[in-house]
Amino acid sequence: MEPPHPPGPDLRICCVGDSYTQGVGDREGGWVGRLSGRAHARGDRLTAYNLGVRRETSADVAGRWFDEAARRLLGGDAHGVVFAFGLNDSTYEEGVPRVAPDDSVRNLRAVLETARDAGWPALVLGVPPIPDGDTGRGDLGALEAAFGRVCTELGVPFVPVHDALRGRDAWWQSIEAYGDTAHCGPVGHAMLADLVAEGGWWPWLDGLAHPADA
């Protein structure tokens, strides 16, 4: 009989963002819960901490994420951070976005540089499309593109999702089915999880487990 395979490394990651990170509207926990389940199914020893908070902007995330992550990434063999925000930045209040696009970009750069200095490899997700709503909304596609440029400059893997979801009827139907114009139902969350999986999740996760092979 062959000896059992040794267990893989103890992977611990923090997924930081807004309600789409939290998985509002999905009993399987959104992309975080769905991809964590797939990782366990293939044998990864993954602990994925969901640090998503509804209505939070990039400024909110930038102000809180490090202390929350540091408490959770003390142990284990390998660590990483996934950032996914921007939707709430673009919401207009009194005729202006909650966070101006240039400030959103600066906030992303700040959190990525802090993660780098802490030795935590990062992955960044793009900004899913949602309707403009009653008060208007900034250009989410342009914001995603700006985030992508920051990630390229800093050498951080980036998963664009905006255009791929915007062109799919099932995405808009899932938002309509949820009913608040801001969140999607399970079908939309499954689509988002698939895009993240196809866009770089597995190479990034494997790079944490085996950095010499990355």
Side-chain angles (χ1 to χ4, degrees), residues 15-26 29-32 34 50-65 68 81-112 122-154 156 158-196 199:
C15 301
V16 190
D18 52 29
S19 55
Y20 274 85
T21 300
Q22 179 59 38
V24 171
D26 186 29
W31 61 265
V32 177
R34 288 170 180 268
N50 191 322
L51 303 183
V53 178
R54 293 184 70 160
R55 287 201 86 249
E56 283 213 336
T57 66
S58 63
D60 296 321
V61 169
R64 71 170 170 91
W65 83 272
E68 295 184 16
V81 186
V82 186
F83 294 104
F85 50 68
L87 277 175
N88 294 314
D89 292 30
S90 71
T91 302
Y92 275 72
E93 293 184 347
E94 298 182 357
V96 296
R98 292 180 63 196
V99 179
D102 287 348
D103 290 332
S104 299
V105 170
R106 278 191 283 268
N107 290 332
L108 175 63
R109 183 184 296 277
V111 301
L112 291 179
L123 175 71
V124 177
L125 275 56
V127 187
I130 61 173
D132 288 343
D134 295 334
T135 59
R137 184 175 301 279
D139 188 336
L140 296 175
L143 183 61
E144 179 183 91
F147 283 179
R149 289 191 291 272
V150 172
C151 290
T152 297
E153 180 183 338
L154 297 179
V156 173
F158 178 72
V159 182
V161 301
H162 185 85
D163 287 346
L165 292 173
R166 185 178 61 179
R168 300 185 188 181
D169 290 342
W171 172 256
W172 299 110
Q173 291 165 0
S174 184
I175 290 177
E176 184 178 1
Y178 189 76
D180 69 355
T181 74
H183 300 93
C184 65
V187 170
H189 284 287
M191 294 171 67
L192 182 57
D194 287 345
L195 283 175
V196 177

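A search for side-chain contact (heavy atoms from CB on, under 4.5 Å) contacts involving V159 returns L123, V161, not counting sequence neighbours. Listed by chain and residue number, A145, A146 satisfy the side-chain contact (heavy atoms from CB on, under 4.5 Å) test with R149 (two or more places apart in sequence, or in another chain). Residues that satisfy the side chain to side chain donor-acceptor pair (under 3.5 Å) test with R34, not counting sequence neighbours, are D26. Under the side chain to side chain donor-acceptor pair (under 3.5 Å) criterion, R64 pairs with E56, E68, sequence neighbours left out. Residues that satisfy the side-chain contact (heavy atoms from CB on, under 4.5 Å) test with D103, not counting sequence neighbours, are V99, A100, R106. Judged as a salt bridge (Lys or Arg N to Asp or Glu O under 4.0 Å), and not counting sequence neighbours, the contacts of E93 are R55, R98. For F158, the ring-ring contact (aromatic ring centres under 6.0 Å, His included) test picks out no residue, with sequence neighbours left out. Under the side chain to side chain donor-acceptor pair (under 3.5 Å) criterion, S104 pairs with D89, not counting sequence neighbours. Listed by chain and number, the residues in a side-chain contact (heavy atoms from CB on, under 4.5 Å) with S90 are R137, L140 (sequence neighbours excluded). With sequence neighbours left out, the side chain to side chain donor-acceptor pair (under 3.5 Å) criterion links D194 to R38.
Distance alone, capped at 3.5 Å, is enough to place a donor-acceptor pair between the N50 side chain and the T21 backbone. Distance alone, capped at 3.5 Å, places no donor-acceptor pair between the W65 side chain and the F83 backbone.
Note that the CG atom of L87 and the OH atom of Y20 stand 6.5 Å from one another [nearest 0.5 Å].
Listed by first and then second residue, the salt bridge (charged side-chain N to carboxylate O under 4.0 Å, His left out) pairs involving residues 165-180 are D163-R166 (not counting sequence neighbours).
Between V24 and Y178, some side-chain heavy-atom pair lies under the 4.5 Å cut-off.
Using a 3.5 Å distance cut-off with no hydrogens or angles, the side chains of T91 and N88 do not pair a donor with an acceptor.
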